[in-house]
Novice: 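The structure's right below; bear with me while I get my questions together.
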Number of protein chains: 2
Amino acid sequence: MDQLIPNQTIQDYLKHIYNLTQNGQPANTNTLAERLDLRPGTVSEMINKMAKLEPPLVDHQKYQGVRLTPAGGKMALKVIRRHRLIETFLVKVLGYSWDMVHEEACRMEHIVSDEFEARIASMLGEPSHSPHGEPIPTSALAMPPFYEHTLASLTTGQYATILQVPDSDPGLLRYLSSIGFTPGSKVTVLNHSPFDGNLMVTVNDGNASHVVGLPITSKIYVKKMDS
Amino acid sequence: MDQLIPNQTIQDYLKHIYNLTQNGQPANTNTLAERLDLRPGTVSEMINKMAKLEPPLVDHQKYQGVRLTPAGGKMALKVIRRHRLIETFLVKVLGYSWDMVHEEACRMEHIVSDEFEARIASMLGEPSHSPHGEPIPTSALAMPPFYEHTLASLTTGQYATILQVPDSDPGLLRYLSSIGFTPGSKVTVLNHSPFDGNLMVTVNDGNASHVVGLPITSKIYVKKMDS
DNA sequence: AATAATATTTAGGTTATCCTAAATTAATTA
DNA sequence: TAATTAATTTAGGATAACCTAAATATTATT
Ligand SMILES: [Mn+2]
Ligand SMILES: [Mn+2]
Ligand SMILES: [Mn+2]
Ligand SMILES: [Mn+2]
């Protein structure tokens with residue numbers, strides 16, 4: 001399987017296309033360019049190349065966006081598995097804080113061997129989720145279904161358990177852990193502001209309350225524990 | 001320090017120049033090309049570029065071989081430290097066998113952060129030697145002196161402790177461990193053949209004896225325990 | 001439907017790192 | 001010392017992955 005995965009550049013394209021197509025829509029050039037921090041022309045060119053590889057990694061018809069082929073999907077999941085396993089490893093074994101692992105994992109994911117992947121997975125007990133609560137594809141590359149509800153969908157009086165937070169902004173991650181927003185925490189909505197979407201919440205029934213805005217709450221996935 | 005180290009290509013040049021200049025002689029283009037698995041023209045070009053970087057990483061006058069500058073030497077030691085720390089980590093923490101670690105370390109050494117380096121060093125107790133017995137530069141990049149004596153320099157009746165074996169040939173490493181030639185083992189020379197240099201030895205005063213040729217014995221460093 | 005705005009692609013160019021083959025310099029041998 | 005051989009450098013070219021800017025297609029607005 002190792003030798004089937006192309007180089008680092010294409011691996012990062014695959015990951016981002018995977019994420020952008022989770023909603024059922026094809027990924028478009030501009031969004032991809034922004035996520036990859038590249039110019040649209042560069043992305044257009046590379047998409048074309050990926051569609052012409054044997055086997056093709058993406059389906060693409062001009063001006064209509066891009067989707068992963070089965071081969072591309074498998075490779076994307078392989079890279080995502082490595083990324084999240086490495087993040088878990090860095091936190092659990094090396095004692096990194098959760099805001100420091102994404103970048104390191106994003107470099108390591110492209111160069112470690114199957115051997116490395118298998119050994120850390122086994123040492124960690126084949127974990128199912130990264131430190132940020134993102135699901136880890138199994139070694140057979142099966143991916144659990146995506147979470148449905150975000151914190152933003154809760155209203156006054158509801159409570160929920162945090163499942164997943166966004167992984168790539170270190171500053172946000174430090175803030176989230178400072179207010180106790182980590183996977184497994186129970187949050188209770190004291191107040192939901194109707195116009196700006198702000199949520200006033202307590203964490204684990206503590207005394208302190210926090211007001212958190214839509215840019216954050218809309219990216220945190222939860223399990224609703226409706227009363 | 002992180003940002004001072006140039007890219008992977010140059011890092012591997014630095015490592016190999018470091019090793020080739022340990023004998024006091026400058027490294028020549030052809031040898032370097034062979035070690036790096038590149039054509040001499042490619043190496044000539046890159047040497048030139050490295051000599052023109054600011055600060056220059058190598059000293060080079062045409063047709064006279066190449067040496068590291070102080071800046072180049074520091075960077076070489078940084079990469080070597082990472083390589084050997086990673087090898088140690090893979091064996092001690094992840095349970096790799098010693099023949100599987102060199103290649104993995106050769107990829108990882110270029111992309112891990114100072115944070116990663118510091119954490120594995122600390123977890124391992126700031127180890128002084130890799131699994132193959134190669135010295136690990138300190139975090140201040142101090143390198144212990146090279147070993148003096150090879151197994152090939154022993155004669156009949158002498159014995160010694162193995163300090164270091166060559167690290168990059170997996171087949172050789174598997175053979176060496178199969179006959180007990182690992183750092184710390186005590187070898188006793190039963191017989192030294194004068195013309196071919198073959199050595200008949202026992203390991204740790206065991207019953208079995210092994211005949212080992214010059215291509216191997218000349219690359220194994222030992223501490224002589226002269227009787 | 002025509003126009004304007006936006007998204008995408010294409011064209012042409014740059015840099016890094018490799019190559020082969022020719023030219024040059026250095027070292028060895030006669 | 002001259003000729004030969006070996007080592008090194010230089011010249012010219014390829015490919016991957018980026019860029020900017022122009023051209024084109026699609027989508028939204030009047
Ligand atoms: Mn991540
Ligand atoms: Mn990455
Ligand atoms: Mn090694
Ligand atoms: Mn390397």
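In what follows, chains carry the letters A, B, and so on, assigned in the order in which the sequence lines appear, proteins first and then strands, with residues in each chain numbered from 1.
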Novice: What nitrogen or oxygen pairs link the protein and nucleotides 23-26 of chain C at under 3.5 Å?
Specialist:
from, atom 1, to, atom 2, distance (Å)
dT25(C), O4', Tyr63(B), OH, 3.3

Novice: Under 3.5 Å, which donor-acceptor pairs do the side chains of residues 141-155 of chain B form with other protein atoms, sequence neighbours left out?
Specialist:
from, atom 1, to, atom 2, distance (Å)
Tyr147(B), OH, His129(B), NE2, 2.7
Thr150(B), OG1, Ala152(B), N, 3.3
Ser153(B), OG, Thr150(B), O, 2.7
Thr155(B), OG1, Gln158(B), OE1, 3.3

Novice: Distance-only check: which donor-acceptor pairs under 3.5 Å involve side-chain atoms of residues 42-65 of chain B, not counting sequence neighbours?
Specialist:
from, atom 1, to, atom 2, distance (Å)
Asn48(B), OD1, Lys52(B), NZ, 2.8
His60(B), ND1, Gly65(B), O, 3.1

Novice: Can you check the Leu53(B) CG to dA16(C) C1' distance for me, whole Å?
Specialist: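 To the nearest whole Å, that distance equals 12 Å.
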Novice: Is His60(A) near enough to dT8(C) that one of its side-chain N or O atoms lies under 4.0 angstrom from OP1 or OP2?
Specialist: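 Result: no.
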Novice: For Arg119(B), what residues pass the salt bridge (charged side-chain N to carboxylate O under 4.0 Å, His left out) criterion, not counting sequence neighbours?
Specialist: Glu115(B)
Novice: Starting from P on dT10(D), measure out to CG on Asn48(B) and report it in whole angstrom.
Specialist: 6 Å
Novice: I need the full list of salt bridge (Lys or Arg N to Asp or Glu O under 4.0 Å) pairs touching residues 13-25 of chain A, with sequence neighbours left out, sorted by first then second residue.
Specialist: Asp12(A)-Lys15(A), Lys15(A)-Glu109(A)
Novice: Without decimals, in angstroms, what is the distance between Asp37(B) CG and dC18(C) P?
Specialist: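 My rounded result for the distance is 10 Å.
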Novice: Got a sec? Which of residues 24-32 of chain B come in under 4.0 Å of DNA chain C, heavy atoms?
Specialist: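 By residue number: none to list.
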Novice: Who pairs with Asp196(A) by side-chain hydrogen bond (donor to acceptor under 3.5 Å, both in side chains), at least two apart in sequence or on another chain?
Specialist: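 Listed in chain order: Asn198(A).
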Novice: Per the salt bridge (Lys or Arg N to Asp or Glu O under 4.0 Å) rule, what does the pair list look like for residues 90-100 of chain A, sequence neighbours excluded?
Specialist: Asp99(A)-Arg174(A)
Novice: Return all side-chain donor-acceptor pairs below 3.5 angstrom for residues 164-173 of chain A, not counting sequence neighbours, or 'none' if the list is empty.
Specialist:
from, atom 1, to, atom 2, distance (Å)
Asp167(A), OD2, His102(A), ND1, 2.8
Asp169(A), OD1, Gly171(A), N, 2.9
Asp169(A), OD1, Leu172(A), N, 3.2

Novice: For Ala27(A), does its backbone N or O pair with a side-chain atom of Arg67(A) as donor and acceptor, under 3.5 Å?
Specialist: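 Checking the backbone N and O of Ala27(A) against the side chain of Arg67(A), no donor-acceptor pair under 3.5 Å is found.
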Novice: Please, which pairs that meet salt bridge (Lys or Arg N to Asp or Glu O under 4.0 Å) have at least one residue in residues 129-138 of chain A, sequence neighbours excluded?
Specialist: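 Applying salt bridge (Lys or Arg N to Asp or Glu O under 4.0 Å) to every pair that reaches into residues 129-138 of chain A, excluding sequence neighbours, yields Arg84(A)-Glu134(A).
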Novice: Show each protein N/O and nucleotides 14-17 of chain D N/O combination with a separation under 3.5 Å, one pair to a line.
Specialist:
from, atom 1, to, atom 2, distance (Å)
dA17(D), OP1, Asn7(A), ND2, 2.4
dA17(D), OP2, Lys49(A), NZ, 2.2

Novice: Without hydrogens or angle criteria, can the side chains of Glu104(A) and Tyr96(A) be said to hold a donor-acceptor pair below 3.5 Å?
Specialist: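 Short answer, yes.
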Novice: In whole angstrom, give the distance that lies between atom CZ of Arg39(A) and atom C1' of dT9(C).
Specialist: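 Going from Arg39(A) (CZ) to dT9(C) (C1'), I get 16 Å.
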Novice: Which residues satisfy the side chain to side chain contact (heavy atoms under 4.5 Å, CB included) test with Glu126(B), sequence neighbours excluded?
Specialist: Arg81(B), Ala121(B), Ser122(B)
